[in-house]
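Data first, discussion second: the structure below is written as structure tokens.
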There are 2 protein chains.
Amino acid sequence: MTGRPTTPRGRRERPAKPALTREGIVAAAVAVLRAEGLDKVTMRRLAQELDTGPASLYVYVRNTAELHAAVLDELLGTVGTEPSDGDPREELERVLMAYTTMLMEHPSLARSALTARPSGPHYLNLIETLLGLLDACGVAPARAAWGVDLLLQFATATAAEHAGRDTSSPAEGGEEWDALAHALRTASDRTHPHIAAQAGSLLSGGPGQRMSWGLRALINGIERTALPD
Amino acid sequence: MTGRPTTPRGRRERPAKPALTREGIVAAAVAVLRAEGLDKVTMRRLAQELDTGPASLYVYVRNTAELHAAVLDELLGTVGTEPSDGDPREELERVLMAYTTMLMEHPSLARSALTARPSGPHYLNLIETLLGLLDACGVAPARAAWGVDLLLQFATATAAEHAGRDTSSPAEGGEEWDALAHALRTASDRTHPHIAAQAGSLLSGGPGQRMSWGLRALINGIERTALPD
DNA sequence: ACCTGAACACCGTTCAAGT
DNA sequence: ACCTGAACACCGTTCAAGT
């Protein structure tokens with residue numbers, strides 16, 4: 001019974017408890033996010049994963065919100081931002097759809113992103129890309145600058161709305177939404193004539209159609225609306 | 001030492017532990033929200049407030065998210081929805097500003113609202129009002145129906161973005177935002193030419209101006225963008 | 001049916017102490 | 001400087017048992 005000494009010289013037994021770094025923490029966070037969702041990405045859980053105590057993480061990360069923002073910037077690396085040669089409007093739609101699709105796989109991360117915006121390199125690249133595309137669409141630069149905010153907010157919020165619906169709790173979020181759908185469908189045309197008349201339209205369209213229409217409406221609005229002096 | 005009998009007959013000693021009802025729970029939740037913010041509106045805290053155990057609340061409320069949605073619908077009662085005679089565009093802006101302003105006093109509630117939409121009477125009234133105003137602006141009914149979603153999402157998300165900044169933690173959220181502002185200001189014009197050129201515009205404007213411009217852009221976009229067939 | 005105590009399985013963050 | 005154990009002050013939700 002000599003096997004498996006508890007303090008071996010060999011470096012291969014375990015990854016040998018890698019030194020704690022911000023990158024290591026973020027990488028572990030991304031792994032836990034992919035495997036089990038954002039609400040397992042907690043200080044305590046990460047500490048456990050990295051074989052230390054939660055207090056140690058606070059040397060590298062200010063708080064949970066900052067950690068989530070760093071995770072999002074990391075995932076943003078997935079969203080392609082290579083320049084393209086096609087119609088800039090279509091490209092704009094494509095990039096924002098890609099961003100939204102990525103966030104929809106982690107809707108609770110989208111929720112975080114609304115409050116704690118990332119400021120990492122990938123997020124900057126995304127902003128740069130969007131400004132370039134709006135410019136290519138002929139939108140005045142100052143409008144484009146404010147417009148980027150609007151577009152990113154729309155994409156983020158759209159993804160955030162799906163939190164609770166998809167991954168973690170298939171029941172919960174769905175029921176809230178059903179409650180609203182039911183209320184709209186059964187609204188009295190005496191007290192709520194417009195709702196009663198438009199119930200069909202209010203509930204029509206899939207998420208993709210809504211998103212796509214919303215983006216086009218936003219872009220149309222941005223290029224036509226003058227900034228305040 | 002006879003004072004303060006522990007089981008008095010008089011009904012005035014305390015409010016006599018009012019019977020548990022959904023309304024009572026929501027009312028207590030609103031009170032706690034006003035006094036101490038949403039993150040004190042917890043099942044445990046409410047139970048304590050109502051002189052019972054947390055388990056008892058689950059008879060009337062499915063979970064915390066549903067409770068928060070009910071609280072929001074309650075607060076929506078504050079947002080005036082009386083018909084007006086002025087310019088419908090201005091009125092539209094006024095109503096949505098009022099909605100946003102209300103939510104900004106409780107930004108974390110806005111965050112909840114993005115996921116768990118209310119479906120109570122006050123929310124329905126708001127939708128009805130918005131549909132009416134878009135109609136008065138001459139927007140085609142089906143576009144108005146999809147547009148209401150866009151407008152409410154924008155207003156809610158704008159309020160939600162301020163969570164963490166204002167009430168609870170004056171430091172935290174501000175620092176995240178500063179990080180982005182700093183990154184934009186110092187972006188290299190070699191790698192990020194558009195950002196470098198537009199840094200001023202990207203960071204200009206107060207929340208009120210941004211909100212107002214965003215609403216106008218949205219309305220312009222909504223009335224000009226055809227629905228998919 | 002309604003209500004409850006107690007338990008299960010967690011959280012974020014801080015701080016004094018160690019190395 | 002970096003790292004840690006332990007503590008403080010909480011959470012949501014469920015369940016078996018009572019009335």
Side-chain angles (χ1 to χ4, degrees), chain A residues 15-26 28-29 32-33 35-71 108-109 111-112 115-116 163-164 167-173 175-176, chain B residues 7 16-26 28-29 32-33 35-71 108-109 111-112 115-116 163-164 167-173 175-176:
Chain A
K17 191 177 178 180
L20 230 40
T21 61
R22 193 177 210 272
E23 290 77 38
I25 293 168
V26 173
V32 172
L33 174 71
E36 306 181 54
L38 189 71
D39 44 61
K40 304 290 178 186
V41 181
T42 69
M43 293 300 206
R44 289 181 112 102
R45 175 61 193 281
L46 251 32
Q48 185 187 309
E49 210 77 19
L50 295 166
D51 205 8
T52 181
S56 307
L57 306 183
Y58 285 82
V59 178
Y60 303 95
V61 152
R62 199 184 309 274
N63 52 40
T64 310
E66 197 202 282
L67 177 65
H68 288 176
V71 167
S108 41
L109 197 55
R111 261 183 99 168
S112 293
T115 313
T167 321
S168 48
S169 42
E172 181 201 344
E175 275 162 31
E176 301 283 358
Chain B
T7 318
K17 192 176 179 180
L20 231 40
T21 61
R22 195 178 210 272
E23 291 79 35
I25 293 169
V26 174
V32 172
L33 174 72
E36 305 181 55
L38 189 71
D39 44 62
K40 303 290 178 185
V41 181
T42 69
M43 293 301 206
R44 290 183 111 103
R45 175 61 195 279
L46 252 31
Q48 185 187 309
E49 210 78 20
L50 295 165
D51 206 10
T52 182
S56 307
L57 306 183
Y58 285 81
V59 178
Y60 302 96
V61 152
R62 200 184 309 273
N63 52 39
T64 310
E66 196 201 283
L67 177 66
H68 289 175
V71 166
S108 43
L109 195 56
R111 260 183 100 168
S112 293
T115 314
T167 323
S168 48
S169 41
E172 181 202 342
E175 275 161 32
E176 301 284 358

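Proteins get letters first, then strands, A, B, ... in listed order; numbering begins at 1 in each. All values reported here derive from a predicted model rather than from experimental measurement.
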Completion exercise
Under a 3.5 Å limit on both distances, the Watson-Crick or wobble mate of dC10(C) is none

Fill in the blank from the handout: Picking from dC3(D), dG5(C), dG12(D), the nucleotide nearest the side-chain atoms of A55(B) would be dG5(C)

Exercise for the section: Starting at atom CG of L38(A), determine the distance to atom C1' of dG12(C), rounded to an integer number of angstrom. Expected result: 14 Å

Handout entry: Among dC11(C), dT13(C), dT13(D), the one nearest N63(B) by side-chain distance
Key = dT13(D)

Fill in the blank from the handout: Winner on side-chain proximity to R44(A), out of dT14(D), dA7(D), dC3(D), is dA7(D)

Practice task
Measure from CG on L57(A) to C1' on dT14(C) and round the result to the nearest Å.
Solution key: 14 Å

Exercise for the section: Taking the side chain as every heavy atom from C-beta outward, state whether R111(B) and S112(A) have any pair of such atoms under 4.5 Å apart. Expected result: yes

Fill in the blank from the handout: Winner on side-chain proximity to Y60(A), out of dT13(D), dC3(D), dC11(C), is dC3(D)

Practice task
Compare the minimum distances between each of dG12(D), dC3(D), dC3(C) and the side chain of L20(B), then state the nucleotide with the smallest one.
Solution key: dC3(C)

Exercise for the section: Can you tell me, in whole Å, how much space there is between the C1' of dC2(C) and that of dC15(D)? Expected result: 15 Å

Practice task
Report yes if some heavy atom in the side chain of L109(A) is under 4.5 Å from a heavy atom in the side chain of V41(A); otherwise report no.
Solution key: no

Problem - Side-chain N,O (T64(A)) to OP1/OP2 (dC11(C)) below 4.0 Å - result: no

Practice task
Searching all strands shown, indicate the nucleotide that pairs with dG5(C) (Watson-Crick or G-U wobble; both distances under 3.5 Å).
Solution key: dC15(D)

Practice task
Take the protein atom CD1 of I25(B) and the nucleotide atom P of dT4(C), then report the distance between them rounded to whole Å.
Solution key: 11 Å

Practice task
Using atom NZ of K40(B) as one end and atom C1' of dG12(D) as the other, report the distance to the nearest whole Å.
Solution key: 16 Å

Exercise for the section: Identify whether any heavy atom of S56(B) sits under 4.0 Å from a base atom; if not, whether one sits that close to sugar-phosphate; answer base, sugar-phosphate or nothing. Expected result: base

Practice task
May I have the distance from L67(B) (atom CG) to dG12(D) (atom C1'), rounded to whole angstrom?
Solution key: 12 Å

Practice task
Would you kindly give the CD-to-P distance between E36(A) and dC10(C), to the nearest whole Å?
Solution key: 11 Å

Exercise for the section: Please determine, for the side chain of T52(B), which listed nucleotide (dT4(D), dT4(C), dC2(C)) has the closest atom? Expected result: dT4(C)

Handout entry: Test: E66(B) and R22(B) ion pair at under 4.0 Å
Key = yes

